[in-house]
Structure formats: structure tokens, C-alpha cells
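Below, chains carry the letters A, B, ... as their sequence lines are ordered, and counting in each starts from 1. Any value given below was found using the heavy atoms of this structure, including those in side chains, with hydrogens, waters and symmetry copies removed.
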Amino acid sequence: MPPYKSAMPELPEVETLRRELNKLLVGQTIKNVEVLWTKAILPMTAKKFTTELLGQKVESVDRRAKMLIVNFSNGKSLVFHLKMTGQVIFVPKKGGATFGGHPTSDVQTPGKHTRLILEFKNGDHLYFNDMRKFGWSRLVSATELNTLTSHSGPEPLSKDFSADFLFDLFQKYPNRTLKQILLDQTLIAGIGNIYADESCFLSGLMPNRKAGTVNQKQAAELYKQIVAVLKLSISKGGTSSRNYRRSDGSRGSFVPCLMVYGRAGETCKKCRALIQKIKHAGRGTHFCPQCQH
DNA sequence: TGCCCCCTGCAG
DNA sequence: CTGCAGGGGGCA
């Protein structure tokens, strides 16, 4: 078994939750709120948080960068950031098809890491679990939501992101490394450690390569691979290398598709060289010494 | 620009 | 038992 790995939910993981919860929550009305760890909802008090949520009806579920956004019909939004170990788990009312979570799930609802519970009128529950307590959930107005999301760069799967945009970034920050740029949420939204390493591998570029040394063709290839790996991972329900779970408590199935992330010491799936791990940009960084330059 | 901090579980 | 893992915000 691979060694200890800690990976936070990134774009594909949060997008998976968004798609699932959009089907499950829209039209539901909040009947009860339980705040089990008050810091999870800072800066709001548990009392105010609860009062404002009671009776609210879910209109849609959104995602921006790595933030999961539950919109209510009164214009307010409940925003979740899962950070390292956050989970958002949906448990249908008793008698529901998957009551108690996914049959093979190891997730406790509620459990010792449950920080917040929402109960809906029909008896369904939504649990916010977070072992490390880095994650948060904020109830915000439309204006505040705009502020929260305005610091993020373009969505990589939107038309705002393109090969030219990426190349322009590299020209703008020639002394930064590819990984530093890919991880910077103000430049591009939603890419974290896993998909930064994976997209660099897939495009044959070293994560610590200076952006200024990358030519237009290479930038175009990296762009293409970023989009491809994010889409593929979404189609697999994301990467559950450790804490991340889908809304029913089950694991995403992208781990077998990983080429370098979490594979230090294992053989490269392309050339059989040993995958290496270094520390770069403050993160564990995985690469193939033979495939990437 | 880079380091500290928030946290907990697990490796060593 | 110590120390490391790490997103992102804050601060020097």
C-alpha cells in the first residue's frame, strides 16, 4: 500500500459533489440546524447561523473554484470550503434507497468529525465532516458571495481559460514555476496539488520549470492536459486518496488513473522509470524524471 | 516573497 | 514522543 497521503478536494471532487447535491437538495427546505463545532461557521454565531437558515429553500447548488455553494431562494448562499479533509455527506430519510450512506462507506453520519448537520423537512440530512478542522461553511449574502468568489481566477473548464490565457500567464510571471502558477487560485481556479502534478506529467513538463522557459506549443499542450485530466477525473467522481468522499459516502474512482501523484517509488506508467517526489512550492511534488523536462 | 498558523492522524 | 502533511489567509 502507498504511504500516508493527504489530498484535499480540488475542482473535480467539489464538482462531483455539486452535481450530486444539485439533484438531491434543490427544492428542499431546511427544518433543523445543528452546529457541533462553532468555529466551522465563523464569523457567524451558531444562533444567527441557525436562525437565518431555518425555513430556507434550496434553489440551486453551485461551485466556484474549490467552493461548494448552496443557493437559497431568499438570495443567501451557504458556502463550503472543504480545505484538506472536509466531507459533505447526504443521508436520505429512513426508507431512502441508500439510508445510512453508501453500503461500503466508512463515513460516520454523524461521527466524531461531524461539524454541522442540516436536516430537511422530508427527513433527509446533510452532514459536514472535517477531521482537521481547516474547512468552513459560511452563510453569506449575494454581495458577500461575490466578494468570496471574486478573488479566484478563471474556471479551467470555462471559455475564459484557454491556451493563450495560460501562455500569457507564463509571460507575465516568467520567474515563477509552472506549479506555483497552477496552484495560485487567483490566477486559475480549482487546481490543487493532485491535478497540478498530473497535468505537468501529462504534458511532459517539470512542475518546477520556470514559466518563462515554456514555449507556446508547450503551454498549449499543458492547457489541453489540464482540461483533459479535470474532465476525466470528474467522470470518475474525483480522487479519494484519503479523506474525500462523494455525497453518498463512497469513494471517487480516479486513483487508478493517477500517473504520478502519490506514486513516489513506483514505476512510471509510460516509461517504467521510478516516480520521484520532491518538495516544491511548499508541496509534495511528484514527477517522472524521464518523461518530464 | 516566504513563513507561520490553523488542526489531527499517522509515520518514524 | 516528535514532526510532518498541506490550502489559503495573514503578516513580516
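Helical stems of DNA chain B (runs of at least 3 Watson-Crick or G-U pairs, donor-acceptor distances under 3.5 Å) are listed by first residue: B:1-12 with C:1-12.
Put simply, NZ on A:K83 is 19 Å from P on C:dA5, counting in whole angstrom units. Between the C1' atom of B:dG2 and the CZ atom of A:R176 lies a distance of 12 Å, rounded to the nearest Å. As rounded to whole Å, 18 Å separates atom P of B:dT8 from atom CD of A:Q108. A:M131 has its CE atom 9 Å from the P atom of B:dT8, to the nearest Å. Atom CE in A:M84 sits about 12 Å away from atom C1' in B:dC6, given to the nearest Å. A:R242 has its CZ atom 18 Å from the P atom of C:dC4, to the nearest Å. If you take CD of A:Q185 and C1' of C:dG9, they are 13 Å apart, rounded to a whole angstrom. Following rounding to the nearest Å, A:W37 (CH2) and B:dT8 (P) show an atom-to-atom distance of 7 Å.
Heavy atoms of A:G192 sit nowhere under 4.0 angstrom from any nucleic acid atom. Note on A:N193: only backbone sugar-phosphate atoms sit closer than 4.0 angstrom, heavy atoms only; bases stay farther off.
How far CZ of A:F170 is from OG1 of A:T213: 9.5 Å, rounded to the nearest 0.5 Å.
More than 12 heavy atoms of other shown residues, nucleotides or ligands fall within 6.0 angstrom of atom NZ in A:K76. Heavy-atom contacts from other residues, nucleotides or ligands closer than 6.0 Å to NZ of A:K224 number 12 or fewer. Atom NZ of A:K172 has 12 or fewer neighbouring heavy atoms from other residues, nucleotides or ligands inside a 6.0 Å radius.
When distances run from any side-chain atom of A:K112 to the nucleotides C:dA5, B:dG9, B:dC6, the shortest one goes to B:dG9. For A:F134, counting side-chain heavy atoms from C-beta on, the closest listed nucleotide (B:dC7, B:dT1, C:dA5) is B:dC7. Nearest nucleotide to the A:K133 side chain, out of B:dT8, B:dT1, C:dA5: B:dT8. With C:dA5, C:dG8, B:dT1 as the candidates, the nucleotide lying closest to the side chain of A:H81 is C:dG8.
Sorted by first and then second residue, the ring pair (Phe, Tyr, Trp, His ring centres under 6.0 Å) pairs with a member in residues 204-227 of chain A read A:F161-A:Y223; sequence neighbours excluded.
Of the side-chain N and O atoms in A:H113, one or more sit less than 4.0 angstrom from OP1 or OP2 of B:dG9. Residue A:K66 places at least one side-chain N or O closer than 4.0 Å to OP1 or OP2 of C:dG8.
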Original post:
Given the rule in the side-chain hydrogen bond (donor to acceptor under 3.5 Å, both in side chains) test, do A:T177 and A:H280 qualify, once you have shown the distances and angles that lead to the verdict?
Top reply: CA-CA 9 Å; A:T177 67; A:H280 173 68; 2.8 Å; yes

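Residues A:K31 and A:D124 are not paired through a salt bridge, judged by the lack of any N-O separation under 4.0 Å between the basic side chain and the carboxylate.
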